[in-house]
Amino acid sequence: MISAGKLKSVDFYRKIPRDLTEASLSGAGLSIIAALSIVFLFGMELSNYMAVRTTTTVVVDRSMDGDFLRIEFNMSFPALSCEFASVDVSDVLGTNRLNITKTVRRFTIDRNLKATGSEFHSGPIPDILNHGDDVEEDFGEGAPSVNSVSFDKFVHQYPILVVNFFAPWCYWSSRLKPSWEKAAKIMREKYDPEADGRILLAKVDCTMEVDLCRRHHIQGYPSIRIFRKGTDVKEDHGHHEHESYYGDRDTDSLVKAMEALVAPIPKESNKLAVEDKSNGTINAVKRPAPSAAGCRIEGFVRVKKVPGNLVISAHSGAHSFDASLMNMSHVVNHFSFGKRLSARMLHEVKRLTPYLGGSTDRLTGTAYITRQGDENANVTIEHYLQIVKTEVVSRKASQEFKLLEEYEYTAHSSLVHSHDIPVAKFHFELSPMQVLVTEVTKSFSHFITNVCAIIGGIFTVAGILDSILHNTMRLIKKVELGKHM
């Protein structure tokens, strides 16, 4: 066995007996300074070890073929009716999705962008198979023409008032006219307005009664609206609740639908028709009409990662629109790509890379308003968006972990005059390059090495300084003693 004496022979730190050492005031001062320096530098090294370091590189986009990009939006259109508001998506690969409703919500808003009620539920719109009678016959003027004065009179006089808002230049209005006049004549003969007084079919020429059509938010022609007597007492400010008819437009279908409306109403001309007690046959072809002229559209769509367009417009397969009267002014409340980051996650992103997150919603809070007039007629508002993807990854134990993924974009907007129906178009294009931010972690062995270097270095330097100071003081004392002798 190895003896204790032999083990002591390899001691690098041989001790000097305490009686042979001498303490000094300068040494004590240097010891305190050295101890404080070690504590301070250790804290700095620990802070440096705990701090997150990143490296930024630009690489080719690492997205896989078939990946989708999420577009989140919240926009207010003060002059676009929710009845016809449509969200469409298309791209260069031929994808063309019209009137997306599954992930999109619509709320009717007033001119001040305030919601006037709950979510606007259009419900499934039945396909209109018959747009009018196949054989056009002249049945004269079966439906009386209504103006602003007579409309207010009729809506308070008849329990059910059904009005056809039309435009003479509209193809669909021309298709509807013969069957509407014939149906109105049949209903007048069956339910005489004077003797029976339960229902009246009328019509409004929106090229003549512009203010009346604007008051009832008519944007597509023809629009068949159902007004019930007494609905003005259900809402504040005298607002009339009413519904839109979306069924077939041939004479037989119209007459059948009108009879379903009038059937539950007693034969009393002064009877209120606040509640809808008609059977289910009419419910399938009507839906609530918008209570205000504007619409707030919010939700998200998923698109392929190729150049494409997000288009918001008025769309219908059975209505016509006057392009000169369409106003696509809008306020962008939110517009971003990818999943929206939570406040906590956004804080973490700022901690990792302070320059990230500044352009994820560049359009948010911007307004694009055009006033109605000849010079602002047929105006399409286009936004050109160029998107850059950023990934933040962490590498630990030679493995890469994706912490988050975000998309930032630049935006350029313009007003374009067109002969087509005005739209709000968002053209997006992704960059083929992406920014890769990699979190660089500092090894613990490197931290320990630096700590040892700090302690050893300060201890050694302090010892050298103490030796120099001590020898200097001794030399000064010897010189002074020599002078006195």
Side-chain angles (χ1 to χ4, degrees), residues 83 116-117 121 123 126 139 141-166 176 179-206 209 212-213 215-218 222-292:
E83 184 176 15
T116 59
H121 292 283
F139 285 88
E141 297 292 327
S145 296
V146 177
N147 56 31
S148 298
V149 177
S150 58
F151 178 86
D152 292 335
K153 175 185 175 183
F154 289 156
V155 82
H156 289 91
Q157 179 179 354
Y158 296 97
I160 298 292
L161 175 66
V162 187
V163 182
N164 171 25
F165 294 89
F166 71 97
L176 172 63
S179 55
W180 185 257
E181 299 293 348
K182 183 178 179 181
K185 187 174 183 179
I186 293 174
M187 295 302 292
R188 286 176 69 91
E189 293 174 353
K190 198 168 185 178
Y191 304 94
D192 185 81
E194 301 296 333
D196 189 288
R198 284 182 286 177
I199 188 171
L200 178 69
L201 273 66
K203 59 186 178 183
V204 174
D205 185 349
C206 286
E209 300 295 331
L212 179 60
C213 292
R215 183 169 51 149
H216 292 285
H217 321 301
I218 304 300
S223 290
I224 301 175
R225 297 289 170 83
I226 304 169
F227 299 87
R228 300 178 184 276
K229 181 180 179 181
T231 54
D232 55 331
V233 302
K234 293 181 66 178
E235 297 287 336
D236 295 332
H237 312 295
H239 166 65
H240 289 249
E241 282 186 345
H242 49 277
E243 298 153 324
S244 294
Y245 173 79
Y246 266 84
D248 288 335
R249 297 173 181 171
D250 60 286
T251 302
D252 293 340
S253 299
L254 288 171
V255 171
K256 184 178 179 181
M258 299 306 112
E259 288 182 338
L261 287 172
V262 76
I265 301 176
K267 193 177 180 180
E268 300 175 9
S269 61
N270 60 347
K271 180 69 176 179
L272 297 182
V274 175
E275 297 182 5
D276 180 10
K277 298 181 179 179
S278 57
N279 57 34
T281 58
I282 184 65
N283 291 332
V285 294
K286 65 182 178 64
R287 57 176 179 157
S291 58

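Only a predicted model underlies this, so the values are computations on that prediction, with no experimental measurement involved.
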Hey, does [Y] have a side-chain heavy atom less than 4.5 Å from the side chain of [X]?
| X | Y | value |
| --- | --- | --- |
| Ile226 | Ser244 | no |
| Phe165 | Pro222 | no |
| Lys185 | Glu189 | yes |
| Arg198 | Ile160 | no |
| Asp196 | Pro193 | no |
| Arg225 | Ile218 | yes |
| Phe154 | Val146 | yes |
| Met187 | Ile199 | yes |

Could you grab the distance from atom [atom1] of [X] to atom [atom2] of [Y], nearest 0.5 Å is fine?
| X | Y | atom1 | atom2 | value |
| --- | --- | --- | --- | --- |
| Glu243 | Ile224 | CD | CD1 | 13.0 Å |
| Ser253 | Tyr245 | OG | OH | 5.5 Å |
| Asp152 | Gln157 | CG | CD | 12.5 Å |
| Glu259 | Ile186 | CD | CD1 | 9.0 Å |

Partner set under side chain to side chain contact (heavy atoms under 4.5 Å, CB included) for [X], not counting sequence neighbours:
| X | answer |
| --- | --- |
| Leu212 | Ser148, Phe151, Val204, Glu209, Arg215, His216 |
| Ala183 | Leu201, Thr251, Leu254, Val255 |
| Ser145 | Lys203 |

With sequence neighbours excluded, tell me which residues meet side chain to side chain donor-acceptor pair (under 3.5 Å) with Asp192.
-> none

Please identify each residue that fulfils side chain to side chain donor-acceptor pair (under 3.5 Å) with Lys153, with sequence neighbours left out.
-> none

For the pair Leu161 and Arg228, evaluate side chain to side chain contact (heavy atoms under 4.5 Å, CB included) and give the outcome as yes or no after the intermediate values.
-> CA-CA 6 Å; Leu161 175 66; Arg228 300 178 184 276; over 6 Å; no

